[in-house]
Amino acid sequence: MNQAKIIDGLAVSKALREEVLRRAASLKEEGITPGLAVILVGNDPASAVYVRNKVKACEQNGLFSTLDRLPVDVTEAQLIARIRELNVDPNVHGILVQLPLPRHINSHQVIEAISAEKDVDGFHVANAGALLTGLPKFRPCTPYGVMKMLKAYEIPTVGMNAVVIGRSNIVGKPMALMLLDAGATVTVCHSKTKDLSYHTLTADIVVAAVGRRNILTGGMIKPGATVIDVGMNKNEEGKLCGDVDFASVREIAGYVTPVPGGVGPMTITMLLVNTLESAERTAQIEARGSMESDLEAGKA
Ligand code: GUN
């Protein structure tokens, strides 16, 4: 009986986090501590858990973080005013506003208020456009993490058929772009797709990111396919589960990610990577600035 290999997101994360810690330490020697500012609006328990995990991961990996907990009735103007303060705070290299936001706040306006230079989620139109045109600065964390997992397990993408199920700005669309950039032939399916199996049965790689339990079962995939489960759902007993029917997919797939312990840890890890790299860019700019002033002063 076939048993797919498990793609261990915790192990891939661990290696990347060790690198973050090392590079953060060398930045500290230059007097820069990479800093992430997180804003949480309201009392959604799931968002509170995600935010707590992000702050904790910063602490454990050499980054400093701040957390603004704003009341559910904060106005859009107040939220944007706080973002503008963080945009010009030299100690902050990344800004993350946890989504979803309460309905009275326009998420698009809020995301656009974040400086594109500090948009570690990669959601700002400037960063989305940079990804589309092939020169990304910040890649959205979840699909970026998926690409790192494929790489870590040496799963080929060039010339492969990839199916992304889901078309969100956070996962589906950037995932499709990254797979395309990696040489795959990409199909994007979604809730209105007429015959999902028609597409998934010929896919070498399937990424499920719709937020619906058991959207993908073993009978819907090609033997040996790689299946990446981005879903974060709860089953009847309140246990975390993904979009993929793990038990049946495992019998057919070549590789599969578990939930928990698959994509989840990678999302936070890539947030650390994006924040670290933002701080490294700041350090380079500062170093270049001081070299230029040394040149002007005739010191170099
Ligand atoms: N809500 C769910 N996923 C994310 C994410 O990756 N970033 C932000 N800011 N909010 C989210």
Side-chain angles (χ1 to χ4, degrees), residues 9 13 16 35-58 63 65-70 72 74 76 79-80 82-83 86-87 92-103 105-116 118-128 131 136-149 164 166-178 207-212 228-234 240 242-243 259-260 262-275 278:
S13 272
L16 283 167
L36 174 69
V38 180
I39 300 179
L40 173 64
V41 179
N43 308 308
D44 177 58
S47 289
V49 172
Y50 295 146
V51 158
R52 202 166 51 236
N53 289 340
K54 288 170 185 178
V55 168
K56 199 166 85 188
C58 285
L63 279 62
S65 66
T66 62
L67 173 59
D68 279 47
R69 283 176 152 270
L70 303 181
V72 70
V74 70
E76 190 176 305
L79 173 56
I80 289 178
R82 178 63 186 136
I83 291 171
L86 295 167
N87 280 345
V92 170
H93 305 99
I95 301 170
L96 180 144
V97 178
Q98 185 66 24
L99 302 175
L101 288 168
R103 290 163 68 97
I105 296 176
N106 180 332
S107 303
H108 182 75
Q109 300 284 3
V110 169
I111 290 166
E112 294 316 300
I114 298 171
S115 160
K118 298 190 179 186
D119 166 41
V120 281
D121 265 326
F123 297 162
H124 191 287
V125 287
N127 289 316
L131 177 64
K137 200 178 313 161
F138 294 111
R139 295 167 179 85
C141 300
T142 300
Y144 193 12
V146 171
M147 296 310 292
K148 291 280 181 192
M149 292 170 114
V164 178
R167 52 173 160 171
S168 71
N169 289 338
I170 295 182
V171 185
K173 286 186 215 165
M175 185 78 256
L177 289 172
M178 288 180 208
V207 181
V210 273
R212 276 232 326 263
I228 307 286
D229 191 351
V230 179
M232 294 253 251
N233 310 301
K234 291 260 170 82
L240 184 67
D243 289 353
V259 176
V263 175
M266 291 300 293
T267 297
I268 297 188
T269 300
M270 299 325 292
L271 176 67
L272 302 176
V273 169
N274 278 347
T275 306
S278 179

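All ligand and atom numbering here is 1-based and tracks the order in the structure. Just so it is clear, the structure is predicted and the values come from calculations on it, not from any experiment.
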### Message
Let me confirm one number: the CG-CE distance from L16 to M266, rounded to the nearest 0.5 Å.
### Response
5.0 Å

### Query
Has V97 got any heavy atom lying under 4.0 angstrom from an atom of ligand 1?
yes

### Task
Look only at the side chain of N87 and the backbone of S115, and say whether a donor-acceptor pair between them is shorter than 3.5 Å.
yes

### Message
If we only consider heavy atoms of F123, is any one of them less than 4.0 Å away from an atom in ligand 1?
### Response
yes

### Query
Any sub-3.5 Å donor-acceptor pair from S278's side-chain atoms to H93's backbone N or O?
yes

### Query
Is it true that a side-chain atom of D243 and a backbone atom of R212 form a donor plus acceptor pair closer than 3.5 Å?
yes

### Query
So do K173 and P140 actually touch side chain to side chain, heavy atoms under 4.5 Å?
no

### Task
Would you mind checking which non-hydrogen protein atom is closest to atom 11 (C) of ligand 1, with the distance to 0.1 Å?
Q98 NE2, 3.5 Å

### Message
I need the nearest protein heavy-atom contact for atom 1 (N) of ligand 1: residue, atom name and distance, please.
### Response
L99 O, 2.9 Å

### Task
Tell me which protein heavy atom sits closest to atom 5 (C) of ligand 1, plus the residue, atom name and distance to 0.1 Å.
D121 OD1, 3.9 Å

#### Entry: Atoms in ligand 1 flagged as close to L96, the criterion being non-hydrogen separation under 4.0 Å
9 (N)

